[in-house]
Amino acid sequence: QGVLVPGLGTFAVVHEQINGTEEVYVVRRPVFQLNIDMSCLRELVFPTVMIPGDIEIMPLDYWWLSQTNSLMPDMVRGCVEETILLYSFQLRTRQRPAFTFENIGILSCQDNVLCMQFHCSCIAALESRDIWVALLLT
């Protein structure tokens, strides 16, 4: 399953098959498909990530997020939307802040390349059997 963060992109977990010298590995690894207004990305390069069509994409669950703090779902939605607008504005004005997703990773821009770097702990939580293969792929 994937999660769409409107105005920013989609997080998903994909299964990837890797042929080793002696065995075939199938690992689960996180991916992020960027979906920011292209006018923000004029001078930036970003990896093209395709999420397979068989992965169900769900909208961000503001009610669930509100359960992790004391804010109402509408307030959480407003905070998320304003944060994404601010980030887009910063990219448009050539600022290059890092955007941190707690327990997931960091969306950062280095040398005009905007990419998602997942925390090792996030990858390890998704893949219990072949953690090292998943880490190397991600």
Side-chain angles (χ1 to χ4, degrees):
Q1 169 173 325
V3 176
L4 171 65
V5 180
L8 186 64
T10 303
F11 288 96
V13 176
V14 297
H15 289 89
E16 194 162 320
Q17 181 174 317
I18 303 301
N19 296 318
T21 55
E22 296 181 16
E23 64 181 294
V24 175
Y25 300 95
V26 178
V27 296
R28 292 168 31 109
R29 66 181 192 90
V31 294
F32 177 69
Q33 185 178 36
L34 192 65
N35 186 20
I36 293 181
D37 178 13
M38 295 307 281
S39 66
C40 296
L41 305 176
R42 282 179 286 199
E43 302 162 355
L44 299 178
V45 176
F46 54 94
T48 302
V49 175
M50 297 303 296
I51 296 174
D54 63 339
I55 293 179
E56 182 181 6
I57 306 298
M58 304 296 291
L60 187 60
D61 189 341
Y62 298 104
W63 181 86
W64 182 84
L65 285 176
S66 73
Q67 300 305 300
T68 65
N69 55 53
S70 60
L71 301 175
M72 299 298 293
D74 288 340
M75 186 170 277
V76 171
R77 178 189 304 270
C79 289
V80 169
E81 290 171 354
E82 291 295 321
T83 301
I84 292 169
L85 285 173
L86 175 61
Y87 188 68
S88 297
F89 174 76
Q90 290 173 322
L91 290 176
R92 210 173 15 258
T93 58
R94 296 190 174 104
Q95 299 175 52
R96 303 296 188 245
F99 196 104
T100 302
F101 296 89
E102 187 175 345
N103 300 323
I104 297 173
I106 300 170
L107 180 61
S108 64
C109 186
Q110 297 173 4
D111 299 324
N112 285 338
V113 177
L114 183 65
C115 67
M116 185 70 200
Q117 299 167 319
F118 291 95
H119 295 312
C120 293
S121 59
C122 173
I123 298 165
L126 294 172
E127 180 57 48
S128 59
R129 186 173 153 237
D130 295 312
I131 294 172
W132 291 110
V133 175
L135 286 168
L136 288 171
L137 286 173
T138 305

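All residue numbers in this chain count up from 1 along the given sequence.
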[X] and [Y]: same hydrophobic cluster, using ILVMFWY side-chain contacts below 4.5 Å?
X	Y	result
V113	L107	no
V49	I57	yes
V3	L65	yes
L4	Y87	no
F11	I51	no

Minimum heavy-atom distance [X]-[Y], with the two atoms named:
X	Y	answer
C109	L114	CB-CD1, 4.0 Å
A98	I106	CB-CG2, 3.7 Å
S66	L71	CB-O, 3.1 Å

In Å, rounded to the nearest 0.5 Å, how long is the span from [atom1] of [X] to [atom2] of [Y]?
X	Y	atom1	atom2	value
I123	I104	CD1	CD1	12.0 Å
F99	Q90	CZ	CD	9.5 Å
R96	N112	CZ	CG	5.5 Å
C115	L44	SG	CG	11.0 Å
T100	Q117	OG1	CD	10.0 Å
F89	Q95	CZ	CD	6.5 Å

(request) Could you check if a side-chain atom of F32 sits within less than 4.5 angstrom of a side-chain atom of L8, using non-hydrogen atoms only? (result)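 In contact.
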(request) Mark yes or no for whether R28, through its side chain, and V14, through its backbone, hold a donor-acceptor pair below 3.5 Å. (result)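 Such a contact is absent between R28 side chain and V14 backbone.
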(message) Tell me whether R92 at atom CZ has more than 12 heavy atoms from other residues, nucleotides or ligands lying less than 6.0 Å away.
(response)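 Atom CZ in R92 is packed in, count exceeds 12.
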(message) Check this for me: N69, atom CG, are more than 12 non-hydrogen atoms of other residues, nucleotides or ligands nearer than 6.0 Å?
(response)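 Above 12, so yes.
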